Amino acid sequence: MNATRRMLAMQEVIKRVPVPTDKPENAQVSQYYGSDVFGIDAMREFLSEEAFESIMQSMNQGTTVDRKIADQVAACMKAWAQSKNVTHYTHWFQPLSGATAEKHDGFFEPIAGGRAIERFSGNALVQQEPDASSFPNGGIRNTFEARGYTAWDPTSPAFIWGQTLCIPTIFISYTGESLDFKTPLLKSLQALDKAATDVCQYFDKNVTKVAVTLGWEQEYFLVDAALYNVRYDLQQTGRTLFGHASAKGQQLDDHYWGSIPERVAAFMKDFEYESHLLGIPVRTRHNEVAPAQFECAPVFEEVNLAVDHNLLLMDVMEKVAIRHNFRALLHEKPYAGVNGSGKHNNWSLATNTGKNLLSPGKTPKTNLQFLTFFVNTIAAVHEHADLLRASIASANNDHRLGANEAPPAIMSVFLGEQLSSVLDELEKSVHAGKMSPEEKTKLKLNIGKIPDILLDNTDRNRTSPFAFTGNKFEFRAVGSSANCGGPMTVLNAIVTEQLIAFKKDVDALMEKNVEKDEAIFQVLKQYIIKSKKIRFEGNGYGDEWKAEAKKRGLNNFPTTPVALEAMISKKALDMFESLGILTHREQEARYEINLETYTKKIQIESRIMADMVNNQIIPASLLYQKTLTDNVSGLKNILSATDFKKAADTQIELIKEISERVTIIKKAADDMTEERKKANNLDSAKKQANAYCEKVKPFFEIIRYNVDKLENIVDDSTWTLPKYREMLYLR
Ligand code: ADP
Ligand code: MG
């Protein structure tokens with residue numbers, strides 16, 4: 001018999017040795033960190049003082065860069081890039097397809113006499129017009145206005161990746177609508193800066209700027225490239241559509257923080273080295289809960305930069321993995337039955353005075369400021385829980401949320417026992433009308449105690465989608481392949497809206513001559529009461545929580561099409577528009593794009609599933625069935641009737657089982673194809689997404705269940721698909 005592709009792949013895997021890394025022997029990170037970034041140091045070195053000051057100003061204040069200065073910056077960038085043997089440049093942007101986009105142009109320009117020179121003008125740096133009519137636009141761009149613009153974002157430095165100078169840019173349509181993740185993120189930062197700075201004025205007049213900080217934690221799987229290459233489902237959908245569970249999965253909890261295999265360690269070393277050259281501050285690495293699952297986390301940064309760095313890191317990871325004969329799987333759920341991958345978004349607010357607004361302070365005054373931002377964030381999540389849920393909705397994440405140690409699709413906030421009781425206390429002790437001096441002292445004493453309590457507050461609730469972790473909120477429902485810019489924009493927006501409302505409420509009381517601190521306490525109390533139902537300290541994985549959440553009136557949207565609807569609620573549309581982050585039209589387009597992406601993903605999965613059933617699973621099953629039937633016929637020729645019955649019964653059962661399962665999966669695959677055709681003919685993105693979710697996707701389970709049973713009975717040497725037990729154990 002011919003060896004199956006799977007067996008040939010396994011032979012390759014067995015021969016693997018660790019690939020040597022590029023990282024210079026014994027070099028410390030500080031020696032090469034950021035050397036491929038046109039960062040502040042490179043700018044100071046290469047730019048004139050005037051140009052340097054001007055760039056610093058536009059970075060800090062968001063002012064536009066003067067064209068003359070841009071020319072100078074471009075020339076310097078080119079000189080710097082050439083000193084590193086770079087030949088091309090690209091505007092690097094984040095279209096709504098989810099991946100980053102780049103189109104490389106050479107620096108060289110032909111000149112008279114058949115010669116060429118290298119050139120890079122300020123114009124080429126500042127703006128480009130990609131002919132980009134095939135990026136998702138949700139109907140915003142008609143073909144007659146198919147041009148889009150990319151425009152330089154000087155707040156994120158240019159960098160060299162491969163042989164190309166990459167310039168981070170925003171991406172907008174000819175008519176000015178944003179077509180990317182970065183534009184609304186930057187707008188949300190401006191809005192939040194203003195609202196948060198205004199609120200900070202109650203506490204500290206020196207605060208003139210509030211920035212958002214993000215520290216993401218990226219989970220991912222590695223699989224051997226040879227096995228990946230013969231799993232068409234992994235290649236085309238990022239996840240395994242079939243696969244019988246490995247007997248040993250994560251039940252022994254022996255992978256989490258376990259020792260890292262040598263081959264993997266070599267990969268990590270290289271990928272961290274490449275990341276450090278790019279100024280991505282990755283610092284932490286460890287094994288995750290599932291076999292072959294890992295995590296890396298950087299030191300947090302300003303959110304715009306952190307988002308760019310995360311996108312770049314995903315790209316670096318995928319490329320370096322290939323060098324090491326691995327494939328990095330960034331999908332939220334590459335394997336059924338084991339942990340999925342998330343990307344925890346640690347979010348906080350930082351002032352120009354160096355204060356983390358979500359870090360309790362040393363005095364009652366700074367703690368009142370802490371409580372203000374803390375309670376307002378909770379209130380914002382309460383008010384817009386559905387929108388936050390929508391911000392992390394995707395076909396991929398649907399598999400992860402609520403399964404195998406991932407937070408549920410119900411949004412709630414975890415505060416920890418200590419802070420919960422601080423809020424309860426506040427609720428009890430504050431009352432309308434003037435407070436007595438004793439009451440005030442007691443209150444201040446109470447909140448003055450916060451830092452002490454938090455220091456030994458070690459309780460961590462891994463089951464909450466949105467948890468306070470001492471000095472930041474951790475949004476854990478974000479999927480591993482997502483652009484953090486989406487959920488971060490929403491979080492920034494809802495907190496901005498909340499802070500504006502807070503200031504209005506406090507000012508209104510102060511106008512009625514309520515003293516400032518008292519006014520703040522009273523408004524916070526109202527918010528604490530109003531947002532109570534979003535707080536949950538218990539086990540988010542349990543079914544009791546689902547029932548309890550329902551009682552509380554919290555929504556549980558398990559699938560993307562329904563979850564996305566919150567994006568276009570009047571409340572959401574009005575909020576984004578009034579804050580100047582996204583117009584109705586832009587937000588509606590995003591909704592359409594998300595629906596279309598959902599539909600396409602399920603469509604691709606459904607098609608590849610049917611292909612694999614027809615080309616691989618049924619043929620392998622029938623091949624094995626033929627071995628059995630040949631054997632049974634042979635037995636019949638040589639045995640007496642009684643002996644034959646004894647000898648052949650089990651085999652006949654197997655033959656029948658194979659026929660039954662093959663019939664079921666074939667029929668299901670055909671019926672699924674019919675449902676797909678019907679869905680494709682529906683006349684709106686919403687109807688299509690719903691049909692794919694409700695009519696097409698349910699076949700996945702029927703098919704998979706029977707295929708996985710077949711995997712378990714068919715001869716190992718006949719089965720063509722690498723198995724979970726082979727893919728999940730890296731050697
Ligand atoms: P964990 O126990 O969740 O691993 P860590 O303290 O290691 O907690 O932090 C996890 C992530 O949170 C890291 O990426 C870290 O940089 C980030 N982080 C820490 N402080 C902040 C902050 N103020 N703002 C944003 N992210 C932060
Ligand atoms: Mg964490």
Side-chain angles (χ1 to χ4, degrees), residues 30 33-34 37 39-41 43-44 52-53 55-63 154-157 185-186 188-216 279-284 297-309 345-377 419 444 447-455 457 468-475 484 488 491-492 495-496 498-499 502-503 516-517 520:
S30 58
Y33 186 78
V37 182
I40 293 181
D41 283 349
M43 283 199 255
R44 194 177 283 121
F52 179 73
E53 290 306 326
I55 291 294
M56 286 296 115
Q57 195 186 347
S58 56
M59 275 172 82
N60 294 330
Q61 286 154 30
T63 49
T155 58
S156 181
L185 176 67
L186 291 174
S188 77
L189 292 174
Q190 267 179 9
L192 183 50
D193 176 14
K194 164 117 191 30
T197 304
D198 285 352
V199 169
C200 282
Q201 294 301 304
Y202 289 139
F203 309 98
D204 182 355
K205 298 277 181 225
N206 294 321
V207 174
T208 54
K209 187 173 171 62
V210 174
V212 176
T213 51
L214 165 66
W216 38 262
I280 308 171
V282 275
R283 196 158 66 173
T284 313
V299 179
F300 68 93
E301 298 176 287
E302 186 281 318
V303 63
N304 178 38
L305 191 57
V307 170
D308 284 1
H309 277 165
N345 278 206
N346 294 275
W347 174 95
S348 193
L349 300 170
T351 65
N352 61 306
T353 55
K355 171 112 188 67
N356 174 354
L357 291 172
L358 288 173
S359 185
K362 291 192 169 54
T363 62
K365 189 173 114 189
T366 48
N367 272 346
L368 186 53
Q369 175 173 289
F370 158 72
L371 279 175
T372 294
F373 285 93
F374 182 66
V375 171
N376 272 291
T377 306
L419 281 168
K444 289 192 172 162
I447 61 166
K449 277 195 231 137
I450 297 173
D452 297 348
I453 350 184
L454 276 193
L455 279 183
N457 170 6
F468 186 72
T469 52
N471 57 1
K472 60 196 182 281
F473 278 101
E474 184 168 341
F475 189 17
C484 308
M488 288 296 98
L491 187 54
N492 295 341
V495 172
T496 304
Q498 185 60 51
L499 289 171
F502 172 78
K503 175 140 179 18
K516 185 177 77 187
D517 282 2
I520 292 171

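Everything numeric here is computed off the predicted structure, so don't read it as measured data.
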How many angstroms lie between atom [atom1] of [X] and atom [atom2] of [Y], to the nearest 0.5 angstrom?
X	Y	atom1	atom2	answer
R44	F52	CZ	CZ	4.0 Å
M488	N345	CE	CG	4.0 Å
H309	W216	NE2	CH2	8.5 Å
W347	T377	CH2	OG1	4.0 Å
L189	E302	CG	CD	6.0 Å
Q369	Y202	CD	OH	12.5 Å

Nearest non-hydrogen partners of [X] and [Y], listed with the distance:
X	Y	answer
L358	F370	O-CE1, 3.3 Å
G470	P360	O-CD, 3.6 Å
T496	A191	CG2-O, 3.5 Å
I520	T372	CG2-OG1, 3.7 Å
T366	G361	OG1-CA, 3.4 Å
S348	K472	CB-CB, 4.1 Å

N304 side chain to T155 side chain, donor-acceptor N/O pair below 3.5 angstrom: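 A pair is found: one side chain offers a donor N or O, the other an acceptor, under 3.5 Å apart.
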Among D198, V210, L192, T197, the one residue meeting side-chain contact (heavy atoms from CB on, under 4.5 Å) with L499: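 Only one of D198, V210, L192, T197 forms a side-chain contact (heavy atoms from CB on, under 4.5 Å) with L499, namely L192.
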side-chain contact (heavy atoms from CB on, under 4.5 Å) between L185 and C484, worked out: CA-CA 10 Å; L185 176 67; C484 308; over 6 Å; no
Aromatic plane relationship, F374 with F468 - under 30° parallel, 30 to 60° tilted, over 60° perpendicular: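 Perpendicular: the ring planes of F468 and F374 meet at over 60°.
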Stepwise side-chain contact (heavy atoms from CB on, under 4.5 Å) check, L491 with F473: CA-CA 11 Å; L491 187 54; F473 278 101; 5.9 Å; no
Side-chain heavy atoms of V303 within contact of T213, under 4.5 Å: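 Side-chain contact under 4.5 Å: no.
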Note, V307 side chain near S156 side chain (heavy atom, < 4.5 Å):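 They are not in side-chain contact.
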Salt-bridge present (D204, K355; N to O < 4.0 Å):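 Looking at D204 and K355, the cut-off is not met.
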Verdict with reasoning, N346 to F300, per side-chain contact (heavy atoms from CB on, under 4.5 Å): CA-CA 8 Å; N346 294 275; F300 68 93; over 6 Å; no
Exam field: side chain N367 to backbone I447, donor-acceptor pair closer than 3.5 Å: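 Between the backbone of I447 and the side chain of N367 there is a qualifying donor-acceptor contact (under 3.5 Å).
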Donor-acceptor pair, side chain of N356 and main chain of N471, under 3.5 angstrom: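 Judged by distance alone, yes, a pair lies under 3.5 Å.
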Within 6.0 angstrom of K209 NZ, more than 12 heavy atoms from elsewhere: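 Enclosed.
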